[in-house]
A.B. asks: 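Mind looking over this structure? Questions follow.
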There are 2 protein chains.
Amino acid sequence: MLRTIAQGFLKKKTTIYDLAKKLGVSPATISRSLNDHPSISIKTKEKVLQAAKETGYRINKFASNLSLQKSNTIGVIVPRLNSDFMSTVLSGIEKIANNAGYNLIISQSLEQEAKEKFNTKTLFESGVDALLVSLANETKNYEHFATFTERKIPLLFFDRVVDLPNCPTIIIDNEAAGYQATEHLIKQGCENIIHVSSGLNRSVYKLRYSGYKKALKEFSTYNREQLVEVGNFSQAEAQKVVDYIQSSKQPVDGVFVSNDNLAVYIIKALLKAGYKIPDQIKIIGFNNDPVTQVISPELSTIDYPGYKMGKLAGQSILSHLNGSINIESADQIILKHELIIRESSQK
Amino acid sequence: MLRTIAQGFLKKKTTIYDLAKKLGVSPATISRSLNDHPSISIKTKEKVLQAAKETGYRINKFASNLSLQKSNTIGVIVPRLNSDFMSTVLSGIEKIANNAGYNLIISQSLEQEAKEKFNTKTLFESGVDALLVSLANETKNYEHFATFTERKIPLLFFDRVVDLPNCPTIIIDNEAAGYQATEHLIKQGCENIIHVSSGLNRSVYKLRYSGYKKALKEFSTYNREQLVEVGNFSQAEAQKVVDYIQSSKQPVDGVFVSNDNLAVYIIKALLKAGYKIPDQIKIIGFNNDPVTQVISPELSTIDYPGYKMGKLAGQSILSHLNGSINIESADQIILKHELIIRESSQK
DNA sequence: ATTGTTTACGCAACCGATTACATAAAAATT
DNA sequence: AATTTTTATGTAATCGGTTGCGTAAACAAT
């Protein structure tokens with residue numbers, strides 16, 4: 001028996017073969033007992049359970065996975081872990097998966113297509129039973145997901161989605177949300193509204209933008225469509241927006257930002273630059289992150305139910321795995337969003 | 001060959017046996033070639049790689065894991081995913097693990113000891129090569145980690161730690177940080193400082209509290225130690241603190257909160273109740289979450305380097321796995337924290 | 001008592017890669 | 001040319017569960 005100087009004995013592991021020998025039965029009986037197979041007598045099962053407890057038997061998932069060709073593990077790829085929205089979604093997914101006895105392998109693409117590809121490959125090779133993805137902004141090619149679709153491993157997209165055959169998606173109606181946000185600003189009297197966004201390669205952002213355009217066309221007497229594109233939603237980008245506003249001939253009086261964080265930084269920068277919010281400039285964000293209620297004036301926004309999205313993503317993929325939903329029937333779940341009006345956009 | 005109505009052919013998987021047959025060599029040669037074993041001729045390796053590419057061969061990790069008895073997977077248990085600090089730490093861990101080719105199985109305890117136990121068991125059975133843990137507030141018993149220590153599977157605690165034999169920990173000097181935060185308030189003229197915290201069962205919080213007490217004893221002419229304990233750091237708990245302040249005979253003029261989020265909510269509630277910050281009441285938080293710079297007045301705090309902590313946790317566990325650090329020599333890494341003075345605590 | 005059913009369990013193949021050990025062929029040495 | 005050494009590959013066991021198929025024993029039915 002192995003031993004080390006500092007800690008005494010290294011606990012050896014027990015296998016079903018050890019238990020079989022100990023009880024004088026076959027390994028098959030041990031396996032069936034542990035899995036509560038109906039054709040094993042209660043008496044035997046009890047003996048096995050007892051012996052398993054005594055010896056500290058633990059199933060070896062490596063062997064079990066190989067035999068069953070499944071891992072009870074779900075892969076998740078997100079652009080980044082450290083965002084309010086994403087971590088909330090993940091929290092929802094984890095809750096559901098954990099309750100169902102599934103593990104979650106989580107990886108981040110950091111908005112890079114190459115990393116997303118790499119992670120997709122890694123997760124495939126780790127043998128995840130299903131994959132949940134929210135796409136990187138950079139991603140333009142979707143062939144790396146073929147390994148999953150070819151082998152009919154359930155693949156689901158949430159938030160940042162793409163329409164692939166037989167892959168369910170979970171989203172909100174981003175176009176309608178963008179439309180409503182813009183409509184709201186117009187109805188509050190804004191006549192020169194800009195839209196601030198990033199990653200227009202992704203449908204989420206493109207659709208919000210197109211909702212914005214649609215509302216302008218429909219409601220605004222002026223219809224001066226202006227997109228201010230930023231590299232990302234970090235504080236550093238806020239200044240670009242302020243610069244744009246300051247140099248605009250026609251004074252900007254409305255800002256629709258497709259991300260709360262950036263909206264908050266823009267508010268701070270605008271206040272610092274001497275603008276009055278909402279008197280001179282009205283502003284609305286997107287997501288309903290907690291930070292919207294911390295900034296002063298409190299930020300109007302679109303509520304995007306992240307936790308619910310996560311739970312649904314988890315449930316949806318689980319029901320695919322359980323076969324209770326036909327894998328062929330790709331579904332699209334559209335969650336309800338909600339316009340939340342706070343101080344930053346009120347007349 | 002299997003086929004389905006909707007999608008045509010189900011891609012069958014290739015094994016090393018298929019490749020062996022195809023090339024007229026043994027499976028061993030295939031395996032060695034794919035692993036770039038030195039005793040295989042370059043010519044053969046090239047043939048194998050070529051055939052592998054053609055047939056779309058993918059290694060079956062289930063088999064590989066079983067054979068090697070390792071999974072290239074690291075388990076992580078955190079109290080919750082959706083907190084700024086935690087998701088930042090996770091992001092750091094993921095970065096390191098991903099680069100080293102390791103997968104991360106992440107689960108949350110939701111502050112519950114039972115869930116932490118369950119997750120520990122699940123992760124053990126999934127065969128993670130190492131485990132990183134930040135403890136639940138509830139956890140008082142640590143025996144569930146024995147499965148790991150008994151088998152010498154690297155186990156590391158970060159942030160919410162406990163001192164177990166041979167388990168490295170990564171923390172900051174919470175007592176010193178609590179001391180400095182309190183000292184700062186005292187030096188700003190506060191005479192009646194309260195400390196708001198939760199989960200004092202955890203050393204992080206207990207140490208901040210004891211730093212607070214120490215500073216009071218050392219610097220304050222009054223030394224009126226008062227702990228306001230809340231259930232958690234959510235918005236709902238902020239009112240309790242305001243109630244305490246309002247009903248305090250001796251007017252409270254300093255608040256040291258062991259969490260930024262709660263501090264922010266307290267500021268909002270205090271402002272609403274008509275208090276002037278920092279004039280009447282000075283306040284300091286903990287963590288340096290982004291939200292500290294959104295609230296007005298901006299919140300003084302202790303900078304807690306979450307991303308760095310995550311990266312270090314990842315690196316530390318990897319070097320244990322690579323054997324480059326002696327597993328017996330348990331180490332304790334103490335990260336530098338920093339007092340950040342902003343508007344909320346200035347004279 | 002004989003035949004038909006259940007019940008409870010064992011046998012052995014299988015999942016797919018890894019690797020210690022053995023060995024044939026090629027190269028180097030004497 | 002004979003022998004030693006090196007190189008390249010094969011053989012077969014192993015990792016630890018799972019499960020289709022077969023069967024002895026117990027029970028039920030005729």
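Here the structure is a predicted model, which means the values were calculated and not measured. Hydrogens, waters and symmetry mates play no part in the numbers below; they use all other heavy atoms, side chains included. Within every chain, numbering begins at 1; the chains are lettered A, B, ... in the order of the sequence lines, protein sequences first and strands thereafter.
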A.B. asks: Please state how far atom CG in B/L68 lies from atom C1' in C/dA17, giving the value in whole angstrom units.
C.D. replies: 8 Å

A.B. asks: Closest to the B/S67 side chain: D/dG16, D/dA12, D/dC15?
C.D. replies: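 The closest nucleotide is D/dC15.
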
A.B. asks: How many whole angstroms separate atom CG of A/L19 from atom P of D/dT18?
C.D. replies: 12 Å

A.B. asks: Do A/N72 and A/N103 pair up side chain to side chain, a donor and an acceptor below 3.5 Å, judged on atom types alone?
C.D. replies: no

A.B. asks: Separation of A/K13 atom NZ from D/dG16 atom C1', in whole Å?
C.D. replies: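 A/K13 atom NZ is separated from D/dG16 atom C1' by 9 Å.
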
A.B. asks: When the distance from NZ of A/K61 to P of D/dG17 is rounded to whole Å, what number comes out?
C.D. replies: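 A/K61 atom NZ is separated from D/dG17 atom P by 11 Å.
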
A.B. asks: How many Å lie between NZ on A/K21 and P on C/dG10, as a whole number?
C.D. replies: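 My rounded result for the distance is 15 Å.
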
A.B. asks: Can you tell which of D/dG16, C/dT18, D/dT18 lies closest to the side chain of A/L66?
C.D. replies: D/dG16

A.B. asks: Verify whether one side chain among A/K45 and A/Q50 offers a donor that lies under 3.5 Å from an acceptor in the other.
C.D. replies: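 Absent: no donor and acceptor within the cut-off.
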
A.B. asks: With nearest nucleotide decided by heavy atoms, which residue, A/A28 or B/A63, maps closer to the 5′ end of DNA chain D?
C.D. replies: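 The residue whose closest nucleotide sits nearer the 5' end is B/A63.
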
A.B. asks: According to a strict under-4.0 Å criterion, is A/Y57 in side-chain N/O contact with OP1 or OP2 of D/dG17?
C.D. replies: yes

A.B. asks: Do A/E54 and A/K22 sit within salt-bridge range, that is, some charged N less than 4.0 Å from a carboxylate O?
C.D. replies: yes

A.B. asks: Let me know the distance between CD of A/Q69 and P of D/dG17, rounded to the nearest Å.
C.D. replies: 16 Å

A.B. asks: Strictly under 6.0 Å, is that where the ring centroids of A/F62 and B/F62 end up?
C.D. replies: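 Centroid separation for A/F62 and B/F62: 6.0 Å or greater.
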
A.B. asks: Is A/D18 reaching over with its side chain to a backbone N or O of A/T15, donor-acceptor style, under 3.5 angstrom?
C.D. replies: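 Yes, A/D18 side chain to A/T15 backbone: donor-acceptor pair under 3.5 Å.
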
A.B. asks: Hey, does B/Y17 reach any base, or is it just sugar-phosphate, or nothing, if we go heavy atoms under 4.0 Å?
C.D. replies: base

A.B. asks: What are the two closest heavy atoms between B/H144 and B/N141, and how far apart are they?
C.D. replies: CE1-O, 2.9 Å

A.B. asks: Atom NZ of B/K70 and atom P of C/dT18: how far apart are they, to the nearest Å?
C.D. replies: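 Value for this atom pair: 12 Å.
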
A.B. asks: Kindly give the atom pairs (protein nitrogen or oxygen, nucleotide nitrogen or oxygen) under 3.5 Å for nucleotides 7-9 of chain D.
C.D. replies:
| unit_1 | atom_1 | unit_2 | atom_2 | d |
| --- | --- | --- | --- | --- |
| D/dT9 | OP1 | B/T44 | OG1 | 2.5 |
| D/dT9 | OP2 | B/S41 | N | 3.0 |
| D/dT9 | OP2 | B/S41 | OG | 3.2 |
| D/dT9 | OP2 | B/T44 | OG1 | 3.1 |

A.B. asks: So A/S31, base contact, sugar-phosphate only, or nothing? Heavy-atom distance under 4.0 Å.
C.D. replies: base

A.B. asks: Can you confirm whether A/S83 sits close enough to B/S87 that some side-chain heavy atom of one is under 4.5 Å from a side-chain heavy atom of the other?
C.D. replies: no

A.B. asks: Quick check, are the ring centers of B/Y142 and B/F157 under 6.0 angstrom apart?
C.D. replies: no

A.B. asks: Where does DNA chain D form stems of at least three consecutive Watson-Crick or G-U wobble pairs, each pair having both distances below 3.5 Å?
C.D. replies: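 Stems found: C:1-30 with D:1-30.
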
A.B. asks: Ion pair present between A/E111 and A/R160, side-chain N to carboxylate O less than 4.0 angstrom?
C.D. replies: yes

A.B. asks: Whether B/N35 contacts C/dT18 is assessed here as follows: a side-chain N or O lying under 4.0 Å from the phosphate OP1 or OP2. Is that the case?
C.D. replies: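 Yes, within the criterion.
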
A.B. asks: Is the side chain of B/T14 donor-acceptor paired with the backbone N or O of B/T55 at a distance under 3.5 Å, no angle test?
C.D. replies: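 Pair found, side chain donor or acceptor close to backbone of B/T55.
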
A.B. asks: Without decimals, in angstroms, what is the distance between A/N60 CG and C/dA17 C1'?
C.D. replies: 14 Å

